[in-house]
Amino acid sequence: MTQPVSSKIGVVIGQLGTPDAPTAQALRLYLRQFLSDRRVIDYSPVLWQPLLRGIILRTRPKKSAKLYARIWLEGGSPLLVYSQRLTNAVQAQLGDRFRVILGMRYGNPSIAHAVATLETEGIDRMVVLPMFPQFSCTTTASIYDAVYGAVMGKLADRKRFMPVVRFIPPYYDHPAYIHALKNHLTEQIAQADHPPDKVIISFHGIPNRYIRTGDPYRAHCEHTTQLLAGAMNWGADDWILSFQSQFGPEKWLEPYTDKVLEGLHHAGIEHPMIFSPGFVTDCLETLDELGNEGRAQFAEGGGNPDNFRFISCLNENPDWITAMVCLINEHASGL
């Protein structure tokens, strides 16, 4: 029987992903999927998989589970909870013409499940909004892979119909995104007991080798930061760009956030503020790596941890919801 075609446009909110629970078992499943993605780790599987399965997945899950437990919410991981709330808010703003659904690249609910749900509902036109303003092969391109794989299906499935898919391009310089960042930071600074004497703008890092071979990520991060600094009327000495979460023996994008934080007190900075515009939803890398570990790193360098201020991601900020709706409407035009 032919599935009735819906007049609605499907919208897939593409997030990175999260484990199902703050346990070593759940982290092992999640990290195995995440670290097996060759968009993320591009080493030959012949060399990488024995290291991943023989060492990393035996040691890292237990440690990561403890970190997740520090930030876990009653409804699940922060990234899942905030992303679902955001999805619901965007649905409410867009109205009945659209069907908005969350899909995770790793973990649940998966992108494959999101696409299958829309197809089951008879939706044959989809817009995909990756939750990564700055393009990287390690994030945005991996979302593309997952969506294409879900839409096309396995060759053995012999799907007879595939929906039309349109990807929203990187929006690192989109006025609505920059406006949301500006208003969010302005509000947070106004609520602080002391104005920051340095703003650290931290992005997730990637290996330098990826940039040398064509990834535009660093240029996008720098462009976003320059636009944000201009919108905030910051001088050159008011902020610094850095990169976090380096992993493995390769050189990653510098300066490293942890080294920057450790050196602030020595440089005369006593009231730092840290914010990561590359993450639009709070997760382990923001709440724990920047919020908890970042505070400790500032203190290790001699700073007063009580003076360290971590700024949350946009999450459900009304201006960010407006920006998402704007992006979706712009790119759904003509479907």
Side-chain angles (χ1 to χ4, degrees), residues 4-18 73-105 107-133 140 143 146-147 150-151 163-172 174-188 277-283 286-287 311-335:
V5 176
S6 171
S7 62
K8 294 186 177 184
I9 297 173
V11 178
V12 178
I13 304 298
Q15 268 288 17
L16 183 73
T18 183
L73 302 176
E74 184 176 347
S77 80
L79 185 135
L80 176 60
V81 171
Y82 298 144
S83 295
Q84 192 58 66
R85 290 177 186 172
L86 186 59
T87 300
N88 295 340
V90 171
Q91 176 70 80
Q93 289 286 325
L94 286 172
D96 292 339
R97 179 171 172 249
F98 293 86
R99 168 69 160 95
V100 187
I101 190 168
L102 175 65
M104 301 282 196
R105 179 62 182 90
N108 299 300
S110 69
I111 286 176
H113 178 267
V115 170
T117 299
L118 296 179
E119 289 182 337
T120 299
E121 294 174 6
I123 292 173
D124 63 352
R125 298 164 298 158
M126 300 179 191
V127 175
V128 180
L129 176 55
M131 291 287 93
F132 312 109
T140 316
I143 293 287
V147 172
V151 168
V164 173
V165 177
R166 183 176 292 176
F167 290 95
I168 294 176
Y171 43 93
Y172 60 94
H174 195 285
Y177 164 63
I178 300 300
H179 178 75
L181 294 176
K182 174 196 172 185
N183 284 358
H184 179 57
L185 283 180
T186 299
E187 180 180 336
Q188 294 298 314
F279 294 97
V280 296
T281 308
D282 273 317
C283 55
T286 60
L287 295 171
I311 303 299
S312 66
C313 294
L314 290 170
N315 293 327
E316 301 162 73
N317 182 288
D319 292 311
W320 171 229
I321 295 170
T322 298
M324 290 179 66
V325 169
C326 177
L327 286 165
I328 292 166
N329 279 321
E330 284 179 4
H331 295 280
S333 177
L335 281 180

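Quick note: numbers below take in every heavy atom, side chains included, and nothing from hydrogens, waters or symmetry partners.
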Side chain to side chain contact (heavy atoms under 4.5 Å, CB included) with Ala112: which residues, sequence neighbours excluded?
Ser110, Ala150
Does Tyr177 have any side-chain hydrogen bond (donor to acceptor under 3.5 Å, both in side chains) partners at least two apart in sequence or in another chain, and if so, which?
Gln134
Look at the side chain of Gln84 and the backbone N and O of Asn88, then say whether any donor-acceptor pair between them is shorter than 3.5 Å.
no
Residues forming a side chain to side chain contact (heavy atoms under 4.5 Å, CB included) with Asp124, sequence neighbours excluded
Val5, Phe161
Using the salt bridge (charged side-chain N to carboxylate O under 4.0 Å, His left out) rule, collect all pairs that involve residues 90-105, keeping only residues at least two apart or in two chains.
Asp37-Arg105, Arg99-Glu121
Measure the shortest side-chain to side-chain distance between Val90 and Phe98 over non-hydrogen atoms and say whether it is less than 4.5 angstrom.
no
Residues which pass side-chain hydrogen bond (donor to acceptor under 3.5 Å, both in side chains) with Ser83, listed by chain and number, not counting sequence neighbours:
Gln15
Are any non-hydrogen side-chain atoms of Ile13 and Val100 less than 4.5 angstrom apart?
yes
At their closest point, which heavy atom of Asp282 faces which heavy atom of Thr286, and how far apart are they?
OD1-OG1, 2.8 Å
Going by salt bridge (charged side-chain N to carboxylate O under 4.0 Å, His left out), name the residues that satisfy it together with Arg125, two or more places apart in sequence or in a different chain.
none
Residues that His331 engages under ring-ring contact (aromatic ring centres under 6.0 Å, His included), provided they are two or more places apart
none
Apply salt bridge (charged side-chain N to carboxylate O under 4.0 Å, His left out) to Glu316 and list each qualifying residue two or more places apart in sequence or on a separate chain.
Arg85
Heavy-atom side-chain proximity of Pro109 to Leu80 below 4.5 angstrom:
yes
Quick one: list whatever passes side-chain hydrogen bond (donor to acceptor under 3.5 Å, both in side chains) with His179, sequence neighbours left out.
Asn183
Which residues satisfy the salt bridge (charged side-chain N to carboxylate O under 4.0 Å, His left out) test with Arg166, sequence neighbours excluded?
none
Which heavy atom of Ala146 sits nearest a heavy atom of Ile111, and at what distance?
CB-CD1, 3.8 Å
Are Leu185 and Ile311 close enough that some pair of their side-chain heavy atoms sits under 4.5 Å apart?
yes
What are the two closest non-hydrogen atoms of Met104 and Gly17, and how far apart are they?
SD-CA, 3.6 Å
List the atom of Pro277, the atom of Pro133, and the distance in Å for their closest heavy-atom pair.
O-CG, 4.2 Å
Does Val115 reach the side chain of Met126, with side-chain heavy atoms less than 4.5 Å apart?
yes
Report yes if the side chains of Ile168 and Val128 come closer than 4.5 Å at any heavy-atom pair, otherwise no.
no
Minimum-distance pair of heavy atoms, taken over all atoms of Leu79 and Cys283:
CD1-CB, 3.7 Å
Show me the donor-acceptor pairs within less than 3.5 Å that the side chains of residues 320-330 make with the rest of the protein, sequence neighbours left out.
residue	atom	partner	partner atom	Å
Thr322	OG1	Pro318	O	3.0
Asn329	ND2	Val325	O	3.3
Glu330	OE1	His174	NE2	3.3
Glu330	OE2	His174	NE2	3.2

With a 4.5 Å cut-off on side-chain heavy atoms, are Val127 and Leu335 touching?
yes
Taking ring-ring contact (aromatic ring centres under 6.0 Å, His included) as the test, write out the residues that go with Phe167, two or more places apart.
Tyr144, Tyr148
